[in-house]
Amino acid sequence: MKYKSLVILLFIFCAFTLSAAQEDAAPVDTVQVDSILPPAPVSMLTAKDGENDHGHSITLRWALSADDGAGQNSVLSYDVFRWVPFFMDTLQSIGDSLDAAEGAVAEQLRKRRDQAVVMIPQVHKSYPEQGEWRKIGTALSGQASFNDVGVKERESRDYMADHTDYYYRVDAVTADSTVRTASEVVGPVQSYGQLFNTGRIPVFVAVIVFGFLTIFFVVRAKMGTELYVRPLAGIEAVDDAIGRATEMGKPILYVLGLGTAADIGTIASFTILGRVAKRVAEYQTKLIVPCYDPIVMTVAQETVKAAYLDAGRPDDYYEDIVYFVTQSQFAYVAAVNGTMLRELPATNMYMGVFYAESLILAETGALAGSIQIAGTDQVAQLPFFIVACDYTLIGEELYAASAYLGREPILLGSLKAQDYAKAAVIILAALGLLAASLNWTAFINLFSVTS
Amino acid sequence: MLDAAFSIPLVALSDIGRVISLMFIGAGLLWILIRSLRAKEVDRRIVFLFIFIAVAAPILFPITFQERATLIVRKVFDKVESLPAGSKVLLAFDFDPAMAPEVQPMADAISRHCLTKGHNVIFMTLWATGQALLTQSLERVVKGEFPENRDGVDYINLGFKAGNENVLNIIVTDFRMMFPTDVNGVPLDSTSIFDDVRSCKDLDLIISIGGGKPGVKEWVLYVGDRVNVPMGAGVAAVVAPQLYPYYPKQLLGLLGGVKGAAEYESELVRQYPHLEERGTPGLRMMGPQTLAHMVIMAFIVIGNISFFISRRRERKR
Amino acid sequence: MRRSTIIVMAMVFGLFILSWIFRSTSLASVQEHYLIGGLKVTFSAFLTLAILSFLYKDNPFYKFAEHLFVGISAAFWMSMGFWTTIVGNLIPRLSRSLSEFFQVPYQPGSYNFVYFIPVILGIMLLMRLSSKYGWFARWPLAFIVGTFAGLNFVRYLRSDFIEQVSATFVPLLVNWQGVGHFISNFSLSASGQFVAIVGNWVIFLGVICGIIYFFFSKEHKGAFGAASRVGIWILMITFGASFGYTVMGRISLLVGRITFLFRDWLNLIS
Amino acid sequence: MRRQIPLALVFIFGVFMIFQYFVPHESSEWIYEFLLDWIYIIGIFALALGIWSLIRVSVAKIKARKANWGYPIITLVGLFLMILFGFTGYRDGSLGFHFMTAEGLSNPMFRNFFDYILIPIQSTMFALLAFFIASAAYRAFRARNVLASLLLVAALVVMLRFNPYLGPIGPYVADAASWLLNVPNLAAKRAIIIGIGLGMVATALKIILGIERGYMGKG
């Protein structure tokens, strides 16, 4: 009620200034008249909890003022206001003193703040008493929404409590910031965290479909269905290369790249390393595995050790087959380069994640006269491996390699699942092409992942 | 002392050095070609040596190649050239020191061109780290080379304003709201350059030079598309392919990387020969690039020749 | 060591001593510690040339630089890791007295006890060194591998699959305003309608053929084989173009190094 | 036990991370942030293992007195010097167990070693690429077959942009080069990326389900 009278007062005031301005300014300068006219307010203001988030945010939407981009075209921006209880000042001042405090005093203040933070929803209930409107942000002309995003950390100054009644208002502002029109108040509105991100439904569907496909084909393969896989030159070269190394009495160098255990490409490389190491152990050839990442080194040691055990030659295994060099890209490259020229390996294998060093390694290996087999999922490095190595596993072939080398039906089964997913991609791409040509946006939107 | 002793003969030597190194490269390649006609492979160390000379020689004895501006670059040049003196041109320097080696040459060349033509230039940046660079290049190019130009009349430096694309959103309708004063605190209203400029609509040309975000893309989306002012751009080489789709509708032209700068400089020098002595860093940086590319291409050709000859011999056997 | 090797090494050493002296004298008027300044530049230049000498062949100078580089860089990352992660992130959450020792602000919080878990996992990892309890090290490894497998599963399904597929949804005809308009405005210019339409077709067919190339469980014969062959052609064109494009950036790197040698070390150019 | 518990851990954390992605709620974010923090901390412990491996391999080489046995000494000297500089420094005039002070690094030698040893070697190693890209092009770009010819022609077209003596065909070469980089490049990269995405996703799923255990040394 209080507010309505305010609006009426404001209108009267506006009307007065309007007429006064016209009387005064008309003969002098027409530009000033434009800027003094108060603009139309925004309409249809709504406030909602921010979607698909962890809470602590409110989204405001409105219809543009009639004078924004049209009418008098006088609106330059929108000021967004939130009703803030005076209590929040107390909280801020506790924060201020906490910044300066130390030791036991700080402990005390921290306790007080924690108690006060719990009170926030309570004090907001007193609206519109014991509080005031505060500007919390600006939206530019032409924009019809604003996100009031708070912080979830209770210790922060910008903490925005969930499950609290908030009230908002939006002012249309002209070039003269005193000339403005307020909207109606919207509220109460509460923020809270969602349990499911609806913007990510396409990903969820893909997870379900792909998971189902994989499990289906793995189970089928387990039951003994024969699966055809086409030959891959790079994979067939691996066996030859190990044989060649044995004949020449030279070692095999296996480079895991710069990936960490977090990279799936590196994990795929571990599996390949396991297969290679097993065969190397059987042939009693020497294996060299310099590592860039200490965790990768640890895993690689486990892998190689188990492979030697598997091959029935645990006594041939020694800890320094796999060793750590340094966690610096080019120092690692310098060391591997030196190893290549001094040990003259018969075969170099580069499997995993590589960056700019790919070409330095591959060219030095070529200089040393080694047969080189590479495989990486780093698209930018593929051209260099293709050019400088004898065989290259391109992208997905690196992941397929472990299944190929092991020839285990379970692993081959998942290749089948991948192929079905690719077939689905082709069909979807064709449908998408039609959809885009015929402006069938509903189909295209099915695939848009928001947030 | 020692340096002085070195540098004096070097200047005189540079012509001889240039000739010798080019002759070495040319004659060397010819010798290799003759060898490969006998189907002999070239040792890779020879390739390394040629690359080293092709890069080092132009650094030591500046070798520049004549660049012919491609259409996409010449359009920017022609626009600056065709505007009448006194036109309002906005130059946005949206880059940081890391990107500067690649885009500073074009920023300099375009500023020099605008001032030579007598345009009124408005400088600004959306990058906090770009402010110092902007001030430096103003000291060097604008104040150093065109001392007769007056701040606020012939050019103005608005400096940096935080807000990324929001800054653009505002200056589309009103400069004064975002920049009440220039970088030195002089109110825009007291500068004659802003007499009849209220928003971006009142400009004659906007050129954005950058390579990151906010950069050219934001200028196109938030300013170029909304007001009917021609826009040109200069960007780092890696970004250029992503911006081609905006040409020629939303961008009248685009300078990509050092090569774009070199093309612009060559066009500038052709039109205004006296500007050559002010420096052509783009052309100079292109020297090693051009020579090295040509050497690599020559080796590829030689490699293929020796490959085909040896294959033919094998077939004959 | 052979006599010639010793002579060469002595000569190189002598040259660098000379260079140090020259560089220092030229810095004498500019720097206070000109001897150290000269040494810094000369040593940097020596290391630069030592690495470049690798292009000729492996040699003692390269070996020296390589081994020095490995040792120093390993220690560098170890110090950085210790001070930023252990002291910067872990200690302020775990112990007041250790925080005071390292002079970092202690951050008491109600959930700090969970930071004991990574410490325990880290100690389990160190048990690798013991042959009896080495298998404990698999726990932290399993934790890391599992966490990232889950994280990457959804992340790549989104960025490398769904978003890439939907990016392929391009219209067959760009800006289509009828056949008459198309023919009357026909041009081969890079920005013309024809080139845009061809571009969209090439993108669509390229993606399809490229994907067909990656089929593992189907024989590449007949029409399928032809599509797969087109796929590998497009891949090769791309690899060639990317290779050619990268040359520029790599030359720039060498320009930087040679400029250092000529300017900062030899002072030949300004 | 020795194998089952790790596999269970992989499954639990893998599945949790998948679900976490779809739950924007605070508590799910909270665990996510902790997990990522933990991994960094474990990484430092692993680095200790790495350094130990480096030292052991170096010492073994020195002891064996095989060819080049002297160089690992340089590695060890560099390592220990840098560790010394990294872990001790001056603060308020006194030498102690410090790294950073308000003015920057507490030990100037740490900075010097970084600036005058690490940086020059690192950037020179990187610059070696200029040479290798040339030698690789010379060696591999031969028109042996269709695939190699396509590789060769595409690379030549893109590199030709840098030839200033093309005359009237110059602009066409530039257009062709940028078309190659924009259109077929985009198509091929997208095909590769979709393949990689599928391969990664399948591998990640196999890891979580315990089908792929190569990383634990068992196929």
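Letters go in sequence order (proteins before strands), and every chain restarts at 1. Atoms considered below: every heavy atom in the structure, side chains included; atoms not considered: hydrogens, waters and symmetry mates.
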How long is the span from the [atom1] atom in [X] to the [atom2] atom in [Y], to the nearest 0.5 Å?
X        : Y        : atom1 : atom2 : result
A/Thr303 : D/Arg213 : OG1   : CZ    : 14.0 Å
D/Ser28  : A/Asn197 : OG    : CG    : 10.0 Å
A/Ile295 : D/Leu47  : CD1   : CG    : 9.5 Å

Please state whether the side chain, the backbone, both or neither of [X] comes within less than 4.5 Å of a heavy atom of chain A.
X        : answer
D/Leu151 : side chain
D/Ile121 : neither
D/Phe141 : side chain
D/Ile207 : side chain
D/Ile192 : side chain
D/Leu198 : both

Does atom [atom1] of [X] have more than 12 heavy-atom neighbours from other groups under 6.0 Å away?
X        : atom1 : result
A/Phe212 : CZ    : no
D/Phe16  : CZ    : yes
D/Phe11  : CZ    : no
D/Phe34  : CZ    : yes
A/Tyr355 : OH    : yes

For the interface with chain D, which of [options] has the highest count of heavy-atom pairs at distances below 4.5 Å?
options                                : answer
A/Ala400, A/Gly193, A/Pro294, A/Ala261 : A/Pro294
A/Lys278, A/Glu363, A/Gln327           : A/Glu363
A/Glu357, A/Glu319, A/Lys305           : A/Glu319
A/Ile394, A/Leu382, A/Val325           : A/Val325

Return the minimal non-hydrogen interatomic distance between [X] and [Y], and the atom names on each side.
X        : Y        : value
D/Gly195 : A/Glu396 : O-CG, 3.2 Å
D/Glu212 : A/Ala268 : OE2-CA, 4.5 Å
D/Gly199 : A/Gln418 : CA-NE2, 3.5 Å
A/Leu195 : D/Pro24  : C-CD, 3.9 Å

Distance-only side-chain donor-acceptor flag, D/Glu26 / A/His54, under 3.5 Å
no
Indicate yes or no: at least one non-hydrogen side-chain atom of D/Val23 is less than 4.5 angstrom from one of A/Phe196.
no
With a 4.5 Å heavy-atom cut-off, do D/Ile193 and A/Val379 have their side chains touching?
yes
Please classify the contact between [X] and chain D as side chain, backbone, both or neither, with a heavy-atom cut-off of under 4.5 Å.
X        : value
A/Asp263 : neither
A/Asp377 : both
A/Ala356 : both
A/Asp293 : neither
A/Ser328 : side chain

Is there a donor-acceptor pair closer than 3.5 Å between any side-chain N or O of D/Thr203 and the backbone N or O of A/Tyr399?
no
Side chain to side chain contact (heavy atoms under 4.5 Å, CB included) between A/Ile215 and D/Leu209: does it pass, once the steps are laid out?
CA-CA 9 Å; A/Ile215 293 170; D/Leu209 297 177; 3.9 Å; yes
Only pairs of heavy atoms separated by less than 4.5 Å count here; which of [options] has the most with chain A?
options                               : value
D/Leu118, D/Ile196, D/Val201          : D/Ile196
D/Ala140, D/Ala155, D/Ser53, D/Ala67  : D/Ser53
D/Phe19, D/Trp52, D/Phe126, D/Phe45   : D/Phe126
D/Gln122, D/Met200, D/Lys206, D/Arg56 : D/Met200
D/Leu128, D/Leu129, D/Ile18           : D/Leu129
D/Ala148, D/Ala202, D/Ala48, D/Ser123 : D/Ala202

side-chain contact (heavy atoms from CB on, under 4.5 Å) involving A/Ala334 - partner list, sequence neighbours excluded
C/Tyr62, C/Glu66, C/Phe69, D/Met125
Given the rule in the side chain to side chain contact (heavy atoms under 4.5 Å, CB included) test, do D/Phe22 and A/Val203 qualify, once you have shown the distances and angles that lead to the verdict?
CA-CA 9 Å; D/Phe22 297 104; A/Val203 185; 3.9 Å; yes
Under 4.5 Å, heavy atom to heavy atom: which of residues 72-87 of chain D reach chain A? Give them by number, or say none.
none
When you look at A/Phe384 and D/Ile133, which way does the side chain to side chain contact (heavy atoms under 4.5 Å, CB included) test go after all the steps?
CA-CA 8 Å; A/Phe384 307 114; D/Ile133 207 164; 3.9 Å; yes
Under the side chain to side chain contact (heavy atoms under 4.5 Å, CB included) criterion, do A/Phe324 and D/Val57 qualify, and how do the steps go?
CA-CA 9 Å; A/Phe324 174 77; D/Val57 171; over 6 Å; no
